[in-house]
Amino acid sequence: VANAEQENHIFMGNGYVLPYKWNGTDFTRHGVYPPTVTHSVATGAAGNLIGDYRWKVTFVNSASVESDVGPVNATFTATNVIGAITSIPVAAQSFGISSRRIYRTVTSGSTYKLVATLADNTTTTYDDNIADASLGATAPTDNGVPPLYNAIVYHQGRLFVNDLANPNYVWYSELNQPYTYASTNFIRIGDKSGELVRGLGVFDNSLAVFCDNSIWIVYMQDTTPGNWVIVIDKSSFGSKSPYALPPYNNKILFPAIQNTKFAGFADLSGDTVLPNKTTLDVLTAGSELSSDRIETDMFLVQEAYLSNISSIVYKNKIYITATYGTSATQNNRIYVMDFSISNLSKNQTVAWVPWTGLSAAQMAIYGGSLYYGSSTANGFAFKMESGSYVDNGSAINSYYWTKEFSGLPDEINFFKDFRYANILVDLAGDYFMNVTHRTDSDSGDGDTNTIDLNPGGSLWGTMVWGVDTWGGGANQKEFRYYLGSSRGKRIQFKFSNQNTANQRFKVHRLNFAYNLKGFR
C-alpha cells in the first residue's frame, strides 16, 4: 500500500481498490464521490416556483470539500408551487460525508445554482420554495476523484499519484486541497510502454517520476502547473518499485532497472535540478549504483517481485525488504544500508548489512519505533529493535568484512609486513567485540582478537565507592590493534558482536601501518 500525509490524514492506495484516507479514527474514501442515484420531485403546497426546473445533489466531506453533482431528476413543471424533493441520496459511511447540497436551475435554465445545504447525512426530503433570484453559487463541474493508484507523494501543497488505467499519467490534486482531482490535473510522461509510471519521489524542489526504463524530473519553480518543466534525467536506470523510494542526504534511493533487468540499488543525486531551456536536459541530476559492494546478492533478488520491494529511513539507516533467492515468492530478507558513515569523510561510503529470517512486507515508524507487517499469511505485525537484538530467540550473528586494502596507490604490488591498525569505535557497553584480520584473499577464519567496549565511569546513584570508577565515561575510543606477523600484499578486517544478543558495535574509522618488504 502506498501512502502520503496531508491535512492530518494519511492517504493510501494499492492500485486495485478505491483509495482511502485515515484521520486517526475513521477510514473513508480518498476522493469525494458524487451521488449515483437520483431523487424525486413532486408538487407541494402553493409557492414561488413557476416553469420547468431540474435539481441535482452533491456530497460534502468533513473538510467542506464538495463532490461533482449527481444525476438529474426528470424535468418538473411548476405552477406557483413548492418543489417537494424526496429520496435525496444518503452516502454510505465509507464516503466520509458530513453534509449535502441541493442545486437547481432557474426556470427553463441549464446552470445549477445552490438551493440549500443539508447539514447531515440522513435527511431525505426538502421543500424548495426559493425564488430564481435568490439562488446561490453555481454547482461544481470538475471536482473529480483520484484514479486507482499505487504510488503517491506529497509536494508543494499537492498530492501526486500514478494511474493504473492510464499508466503514462501522473495526476495531482488541487492546491492545498488533497481530495479532488480536476480532469485537467495530470502530467503525461512520455508515450512509450517503457515509460509507464511506477513510482514517485521528491528530489530537491522537483517531482521525480520513476518509469520502467527511465526517470523523469518535473521541475517546479512555483505552484503554478503552467510553469512546470518536464525533462528526462540522464540516468541509464528505471525502476518498478513504488514502495522503495526513500529520500536521504539530498538523494533518492531506488531499486534500479537497466535494460529490463534488476541492477541493484542506485541513488538519484545532485546539488540542483535546473532545466536548460534550449536542450531541456537536467544539468546536474544523475544516478549511480550504491549496492555495487553487494553485487552478488543483487543477482538473487527476484525480478518477478520487484514491485514488492519496500524501504524506509530510520535512525540514519535505510531498511529495505526484498524477495531473495530463486525459490522465494515473498519478501524474506531485509538489507540495512547505513549512510551515516558517508558524512564522516568524502572517501567513505555506505555500509550494507543483510538481515535474514525476517519476512517483512512493508515497514512503518510508530511511537519512535520501527515496525513491519509480515509478508507471510499470518497477519502479524512485528516491532523491531525492541531492546534485544534477537531473531526467533537466538542472537543475531552481526558482523561485516571490509574490502581488501592494499595500502598506498603506488604500493599495491609491494609485499608488506603489516604492523598495527588504529580503530575508532563506539564504547557501546560492558562487553567485547571481535576484530579479525586476514591477508591476500585468504578464505580461512583469520586471526581474531577482542576490543573492550566498556565506556567506563559510573552514573550517579549506582556507583559503589571504592569499587567503581567515578565519572561519566567516554563515548568513543581509538584502539591500537596489533597485527602480529601478518604479511602479504592486501589485508582485510572483520568486526563482530561475538554472536551475542544486545552487543551492538559501531566502527567509525580505521587506518593501518605496514613496512614495505619489496616488489613481488
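Numbers for residues simply follow the sequence, beginning at 1.
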Query - N331-T323 side chain donor-acceptor pair, cut-off 3.5 Å - result: yes

**Report entry** Min side-chain heavy-atom separation T329-Y305 under 4.5 Å
**Finding:** yes

Query - Check: H155 and N205 side chains under 4.5 Å, non-hydrogen atoms - result: yes

Query raised in the report: Do L118 and I88 come close enough that some side-chain heavy atom pair is under 4.5 Å?
Result: yes

Query raised in the report: Are the aromatic ring centres of Y149 and H30 under 6.0 angstrom apart?
Result: yes

Query raised in the report: Is there a side-chain contact between V231 and D233 (heavy atoms, below 4.5 Å)?
Result: no

Query raised in the report: Any salt bridge between K21 and D26, counting N to O under 4.0 Å?
Result: no

Query raised in the report: Taking all non-hydrogen atoms of both residues, which atom of L148 and which atom of P19 are closest, and how far apart?
Result: CD2-CD, 4.1 Å

Requested in this report: Taking the side chain as every heavy atom from C-beta outward, state whether N162 and Y169 have any pair of such atoms under 4.5 Å apart.
Outcome: no

**Report entry** ring-ring contact (aromatic ring centres under 6.0 Å, His included) partner of Y372, the single match among Y319, Y314, F382, W355
**Finding:** F382

Query raised in the report: With a 6.0 Å cut-off on ring centres, are F339 and Y248 close enough?
Result: yes

Query raised in the report: Any salt bridge between D132 and R104, counting N to O under 4.0 Å?
Result: yes

Query raised in the report: Which residue pairs satisfy the salt bridge (Lys or Arg N to Asp or Glu O under 4.0 Å) criterion with at least one member in residues 164-178, sequence neighbours excluded?
Result: none

Query - 4.5 Å side-chain heavy-atom contact, W228 and Y219 - result: no

